[in-house]
Amino acid sequence: MAPRANPTLRQRRLGAELRRMREQVGFGGSELGRLVGMSPAQVTQMEAGKIGISVERLRTIAATCMCVNEPLIAALSDIITEREKPGWWEEYRGTLSEDFVNVAEFEGQARRLTTYSMAFIPGLLQTGSYSSAVFSQTFPPLPRHEIDLRTAFRMQRQRIVRSGTTPYSAFIHEAALRMQFSGPTVLAEQLGVLIEDSEQANVSIRVVPFNVSAMPSSSGTFTYAEGPIPELDAAQVDTSLGCRIFDAPAHVARFRSLLARFESRALSEEESRDFIGSVMKEMESKRA
């Protein structure tokens, strides 16, 4: 079988977990290959998600690596046996950058999503006007057709939240509530929609106000995705050079700890709605 040119995030995650199994027991790729009947090249390709394996081979590798985490093995087996239908985001592959497609795939596979945002309203909650204004601030400036394409893509990403299929929590810093990308009118409209979204059964929105002392993180934006078991959780971080996805246990534990601290310091959902409403009224007074 020819190696996959572009493995999906799930295929890459399967490979990463197999690599961790091997490393935890101290085997090199060649040693594992000798023990399970694979060539060193096949082990490398498997761990990169470029070739598939059977459930039987997975269990052989787990036994050889002395992995007794049955929930993890079962979850990895599900990745192998699931017939992945191409996600809607595949329509944009080759049109938008790989980072955009990866973010949508990352979100689409999650059982639950939680975002922290410090500079702007989270993408999954943005209005079309607000999203377009954000992309218009990109430097160097983007052409109009690229802004429209990115905005349309972001609106499609929101279906997992708007449809109610995925539980979603957002911790939004007060700075993001006040940042005006295209004047008070666009922001006031965005804040009004944010209040409406906060009343959905599957959505929780909580504000981190300026007066919270000892902010737990200076990170601008990150999204935490819960998998079928905690070992398959991951975090996605926006950077100036694109997005990065973290799935190593130490990294995941750090983001989980950050969210616990936000949980203890943010306003309640009801207080947050009132707070957002007060900022919205300020913006409405500025446009009057």
Side-chain angles (χ1 to χ4, degrees), residues 1-84 98-99 101-103 105-114 217 219 222-239 241-261:
M1 181 184 295
R4 303 173 179 123
N6 294 299
T8 66
L9 287 180
R10 283 175 68 77
Q11 289 164 347
R12 279 181 269 170
R13 184 61 186 273
L14 171 63
E17 293 301 323
L18 291 169
R19 185 186 69 250
R20 274 191 271 274
M21 274 188 200
R22 172 178 63 77
E23 291 175 344
Q24 285 173 357
V25 79
F27 289 156
S30 297
E31 186 173 7
L32 176 64
R34 178 177 58 82
L35 293 170
V36 300
M38 298 175 71
S39 70
Q42 286 176 315
V43 172
T44 299
Q45 291 174 334
M46 173 188 72
E47 293 179 354
K50 293 188 174 181
I51 62 171
I53 61 170
S54 66
V55 172
E56 292 74 18
R57 176 60 62 86
L58 164 66
R59 290 194 170 274
T60 298
I61 292 171
T64 302
C65 294
M66 294 176 278
C67 175
V68 294
N69 187 338
E70 184 54 37
L72 174 61
I73 296 169
L76 297 180
S77 297
D78 288 342
I79 293 177
I80 293 171
T81 57
E82 274 182 7
R83 287 189 173 274
E84 285 191 88
E98 193 73 12
D99 281 347
V101 177
N102 285 344
V103 168
E105 186 179 347
F106 172 86
E107 294 168 345
Q109 296 167 356
R111 301 292 178 88
R112 175 184 290 272
L113 290 163
T114 304
S217 172
S219 300
F222 69 85
T223 298
Y224 188 93
E226 296 182 26
I229 59 172
E231 289 90 338
L232 293 182
D233 289 0
Q236 177 261 318
V237 178
D238 289 337
T239 74
L241 299 177
C243 82
R244 291 188 63 191
I245 294 175
F246 297 87
D247 56 29
H251 290 142
V252 170
R254 176 180 179 273
F255 286 107
R256 196 178 289 143
S257 177
L258 283 172
L259 290 178
R261 296 174 72 183

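Since this is a predicted model, take the numbers as computed values, not measurements.
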Would you compute the distance between atom CD1 of I51 and atom CD of Q11 and round it to the nearest 0.5 angstrom? 11.5 Å
Of the non-hydrogen atoms in P7 and K50, which two are nearest, and what is the gap between them? CG-CG, 4.3 Å
Compile the donor-acceptor pairs under 3.5 Å between side chains in residues 59-67 and protein atoms, sequence neighbours left out, one pair per line.
residue	atom	partner	partner atom	Å
R59	NH1	E70	OE1	3.4
R59	NH2	E70	OE2	2.9
T60	OG1	E56	O	3.0
T64	OG1	T60	O	2.7

Tell me if a side-chain donor or acceptor on S257 pairs with a main-chain N or O of A253 at a distance below 3.5 Å. no
Using atom types as modelled, flag every donor-acceptor pair under 3.5 Å from a side chain in residues 224-238 to any protein atom, sequence neighbours excluded.
residue	atom	partner	partner atom	Å
Y224	OH	D233	OD2	2.7
Y224	OH	R256	NE	2.9
Y224	OH	R256	NH2	3.0
E231	OE2	N69	ND2	3.0
D233	OD1	G227	N	2.8
D233	OD2	R256	NH2	3.3
Q236	NE2	D238	OD1	2.7

Show the numbers, then the answer: is there a side chain to side chain contact (heavy atoms under 4.5 Å, CB included) between L76 and L72? CA-CA 6 Å; L76 297 180; L72 174 61; 4.0 Å; yes
How many angstroms lie between CZ in R12 and CZ in R4, if you round to the nearest 0.5 Å? 11.0 Å
L18 side, atom CG; L14 side, atom CG - distance, nearest 0.5 Å: 4.5 Å
Flag the pair Q109 / R13 as yes when at least one side-chain heavy-atom distance between them is below 4.5 Å, and no otherwise. no
As an exercise, state the distance from CD1 of I53 to CG of L58, rounded to the nearest 0.5 Å. 5.0 Å
With rounding to the nearest 0.5 angstrom, report the CZ to CD distance, R19 to Q24. 11.0 Å
Distance-minimising heavy-atom pair for D247 and A16: OD2-CB, 4.4 Å
Nearest heavy atoms of L9 and F106, plus distance in Å: CD1-N, 3.5 Å
Nearest heavy atoms of R57 and G37, plus distance in Å: NH2-O, 4.1 Å
Between V36 and R22, does a side chain to side chain contact (heavy atoms under 4.5 Å, CB included) hold up when you go through it step by step? CA-CA 12 Å; V36 300; R22 172 178 63 77; over 6 Å; no
Apply side chain to side chain contact (heavy atoms under 4.5 Å, CB included) to A248 and list each qualifying residue two or more places apart in sequence or on a separate chain. R20, H251
For C243 versus D99, what's the shortest heavy-atom pair and its separation? N-OD2, 3.2 Å
All heavy atoms of S77 vs all of V55, minimum pair found to be OG-CG1, 3.7 Å
